[in-house]
Protein chains: 2
Amino acid sequence: MPIRRVIIVDDHKLFAHSLEHLVNDFNDYAVVDTFSNGAELVEKLSSGMENPHVILLDVKMPIMDGIATMKWLKKYRPFVKVIVLSMEDEETTVLSMIKNGAKGYLLKDIEPDLLKKALDTVVNDGYFHTDIVTLALMHNLDDEPKKLKFDLKDKELQFIQLACEEKTYKEIADEMMLSPKTIDGYRQHLFELFKVKNRIGLMIFAIKNNLIEL
Amino acid sequence: MPIRRVIIVDDHKLFAHSLEHLVNDFNDYAVVDTFSNGAELVEKLSSGMENPHVILLDVKMPIMDGIATMKWLKKYRPFVKVIVLSMEDEETTVLSMIKNGAKGYLLKDIEPDLLKKALDTVVNDGYFHTDIVTLALMHNLDDEPKKLKFDLKDKELQFIQLACEEKTYKEIADEMMLSPKTIDGYRQHLFELFKVKNRIGLMIFAIKNNLIEL
DNA sequence: AAAAAAAACAGGAAAAACCCTGTATAAATT
DNA sequence: AATTTATACAGGGTTTTTCCTGTTTTTTTT
């Protein structure tokens, strides 16, 4: 196996250089460069630097942070594998890095062995996912209706669901076997309750509160 | 550690009983019952049977399938840990089982050792997630605009995004600095293109095709 | 420069959505 | 039994949306 070129991007110089030593001690890996923020990386890559196999990327950095860097990489170097090395395990951060193509997400307090394993796995299988990622993904999946401050009657909920389909109120009235005037009453009541101005507003509210299934 | 009570639910009798032997051979686990579909399980649990620690659940079953069973369990026995054992790895199925609280999802062709490990991990950590789950979760996350058969101009896309907000066309016209009549032209053109009948239909289309960010 | 295509805009009208106020009836409270 | 509350419904008006058929202006193509 050829030596894998690794780039480290981290503004914490001490950490970055210790990491460099560690990675250089692994067989098959060599750190070819370290940068202290995303902008430096982007600049070098843009000006013809050879692409690395793997980038070890921090999240919190000055000038151009990990998320912005990840977005750039996704767009211009999608084939370069990125492992995020971060102090923070906030789920929104994890999700946003994974969404933008990170192949792994590790906390900085892991054992060196795990980093080695992550590198190997990412190179061979394309990704390395730890519990931290899986849990974030799971919570992201949550689609329980958020507990609303109002409790909606069955008919109201049914109206909302139908109002979020490509139907006229007349059609909704037929389907619910009620007068169009009654339907108009539901509409008006819910507009006031949700503080929306039109049917689009109602639909936005319904989506944000998981009242409907698209 | 006390012996963990396990229930197997699988209509494939031969498989179910082989599995029973296998699990009984594991230390710390004992199969207390096997059922050939979800309905049998639900009936027994409802009529006072002691709850198991773990349920090994198949997906494809007659009468009451794995998904329906999982939904029932999520509602009435949320604390019972379920590991899905399935032949199929269709991502929608995986997602739906995980959404409904399955703690693990394994294919039936795995090694016995892995099942043992899954049982131990589920009992101790609460879940056991294999690549099959992580991959399904990842793809679920996809929010790239799907490649449309039409290519939309910038103005059209902007109109769509504004039309999916709580605005009148007059307001949209102001914001885009165009005449309301021009906006109406965009509307009509896109209605025909997407084959929708009203603004709600347009919004549904935009959401399904990831044209907008809510 | 002429022709073709695309983008911006209009008139006019019907349909649907929106809004306000008010009534009859059934259901729940007291 | 009397009162309140909730539900279904109406009249009638304003605004917005939707639809159809054009014209003018700008941009692109030839």
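The basis for the numbers below is simple: all heavy atoms, side chains too, and nothing from hydrogens, waters or symmetry mates.
Listed nucleotides D:dC20, C:dC9, D:dT7 differ in distance to A:Lys153; the shortest reach to its side chain belongs to D:dT7. Listed nucleotides: D:dA10, D:dA8, C:dA10. Nearest to the side chain of A:Tyr186: D:dA8. Closest to the side chain of B:Gln188, from the set D:dT18, D:dC19, C:dC9, is D:dC19.
Summarising the geometry, the separation between CG on A:Asp154 and P on D:dA8 is reported as 12 Å, rounded to the nearest angstrom. Atom-to-atom, CZ of B:Phe191 to P of C:dA15 comes out at 17 Å; the value is rounded to the nearest Å. For B:Glu166 and D:dT15, the CD to P distance is 19 Å, given to the nearest whole Å. Straight-line distance from the CZ atom of A:Arg187 to the C1' atom of C:dT21: 14 Å, rounded to whole Å. Straight-line distance from the NE2 atom of B:His189 to the C1' atom of C:dA6: 10 Å, rounded to whole Å. Spacing between atom CD1 of B:Ile183 and atom P of D:dT16 amounts to 15 Å, rounded to whole angstrom units. For the pair B:Met176 CE and C:dA8 P, the interatomic distance rounds to 8 Å; values are reported in whole Å. For the pair A:Lys197 NZ and C:dC18 C1', the computed distance is 14 Å after rounding to whole Å.
A donor-acceptor contact shorter than 3.5 Å links the side chain of B:Glu40 to the backbone of B:Ser36. Under a 3.5 Å cut-off, the side chain of A:Glu171 and the backbone N or O of A:Thr168 do form a donor-acceptor pair.
Between A:Thr182 and D:dT7 there is no side-chain N or O to OP1 or OP2 distance below 4.0 Å. Side-chain N/O atoms of B:Thr168 include none lying less than 4.0 angstrom from OP1 or OP2 on D:dT15. For B:Lys170 and D:dT17, the shortest distance from a side-chain N or O to OP1 or OP2 is not below 4.0 Å. Considering only side-chain N and O atoms, B:Arg199 lies nowhere under 4.0 angstrom from the phosphate OP1 or OP2 of C:dA17.
Along DNA chain C, the nucleotide nearest to B:Asp184 and the one nearest to A:Asn198 differ in position, and the one closer to the 5' end is contacted by B:Asp184. Summary of the strand contacts: B:Lys181 and B:Met177 both lie near DNA chain C, and taking for each the nucleotide with the nearest heavy atom, the more 5' one is attributed to B:Met177.
In this structure, B:Lys108 satisfies the cation-pi test against B:Phe15, with its NZ or CZ atom closer than 6.0 Å to the six-membered ring centre and inside 45 degrees of the ring normal.
Between the side chains of A:Ser86 and A:Glu88, no donor-acceptor pair is found at a separation under 3.5 Å.
To the nearest 0.5 Å, atom CG of residue A:Leu45 and atom CZ of residue A:Arg77 are 5.5 Å apart.
The partner of D:dT29, taking Watson-Crick or G-U wobble pairs whose two distances both stay under 3.5 Å, is C:dA2.
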